[in-house]
Amino acid sequence: MKKLALLLTAFMLLILAACGSADTEKTSSDKATKTETETETSYTVTHSMGETTIKGEPKRIVVLTNEGVEALLAMGVTPVGAVEAYNGDPWYDHTEEMLKDTKVVGNESEPSLEAIAALKPDLIIGNKMRQEKVYDQLNEIAPTIFAETLRGDWQENFKLYSKAVNKEDVGQEKIDAYMNRVEEMKATLGDKLQQEVSMVRFMAGDVRIYHKDSFSGVILEQLGFARPAEQDLPDFAEKGVTKERIPAMDGDIMFYFTYETGDKEATKLEEEWVNDPLFQNLEVAKAGNVHKVSDTIWNTAGGYLAAELMLDDIEKFFE
């Protein structure tokens, strides 16, 4: 009997020990879950529509501007959805390979809410200038952050996007690398920066002279190039230019770009103007310093990758 009692006591002690171990494991598990929840990433971004708090690291991001797409790609982030490029099929040539797994969600002016919702995004990045009317609907699909505008200094939007995807350090590294290149080019270009650079754009039914608050205008100013007096203005561009204004296009060197949608109307307009006697009489034309460049790179794409490619062009032209 004494041996039996000892065996029963030992058996009960084993059971109690097992229960205690299970309780300890459960408590440890609960603590780990609680700690994980407490340390989950949460950050707030101030943007053109207010403040948005994002919980966790966004993985499925939809971008509703082409320059926003370039910003994310530059930071090593591939969006699950994006608006199609203005004159791409559906992407620009310089982003096509990087976006091979990205779905089209309409265009900048008319993003498809249905297509966006189908991608189940955890973050949407857009622009007040383009999509203000559908902000509330987008925000119901996922936390939505809007930049204010699309013109001028693309770096401001880039910095906002880096905050939106919680990659401010990476974003700053990219900006620093870009500005370091600008400074190196300024040193190399030297006296060439004194040349007055003129910029003109041809579109179907419209001719524009570009000023300083444009994508390419900002880059030229960062490099330190002079501009013709009538283009050395702080606004975007002179639109609806008539041939009487051709003299305002003169400079030491001219870069022009043509936005072609496929019907060749912009190209016809370009040819008409470039071959006009008034245009041919410009000092820049007589000197043979009129150069056609990519509308995508010098204007339409408007993002980090295009800025780097525009610097490439300038290096080639001024070698």
Just verifying a value: how many Å separate Ile314 CD1 and Met185 CE, rounded to the nearest 0.5 Å? 5.5 Å

For Phe318 together with Phe225, are the ring centres under 6.0 Å from each other? yes

Between CG on residue Leu220 and NE2 on residue His211, distance to nearest 0.5 Å: 13.0 Å

Salt-bridged, Glu271 to Lys264, with N to O below 4.0 Å? no

Can you label the angle between the Phe202 ring and the Tyr256 ring as parallel, tilted or perpendicular, going by 30° and 60°? perpendicular

Counting distance only, does the side-chain N/O of Glu230 pair as donor-acceptor with the main-chain N or O of Met249 below 3.5 Å? no

Should the pair Arg201-Asp295 be classified as a salt bridge under the 4.0 Å nitrogen-to-oxygen rule? yes

Cut-off 3.5 Å, side chains only: do Tyr43 and Glu168 have a donor facing an acceptor? no

Determine, for Lys192 against Asp252, whether the closest basic-nitrogen to carboxylate-oxygen distance falls under 4.0 angstrom. no

For atom NZ of Lys167, decide whether the heavy atoms of other residues, nucleotides or ligands shown that lie under 6.0 angstrom number more than 12. no

Between Glu319 and Lys316, does any NZ, NE, NH1 or NH2 come within less than 4.0 Å of an OD or OE carboxylate oxygen? no

In plain terms, say whether Arg181 and Glu308 are close enough for a salt bridge, that is, a side-chain N and a carboxylate O under 4.0 Å apart. yes

What's the spacing between Tyr178 OH and Trp154 CH2 if we round to 0.5 Å? 5.5 Å

Quick one: pull up CG in Leu64 and CD1 in Ile145 and give me the separation to the nearest 0.5 Å. 12.0 Å

For the aromatic rings, using the six-membered ring if either is Trp, is the centroid distance between Tyr210 and Phe236 under 6.0 Å? yes

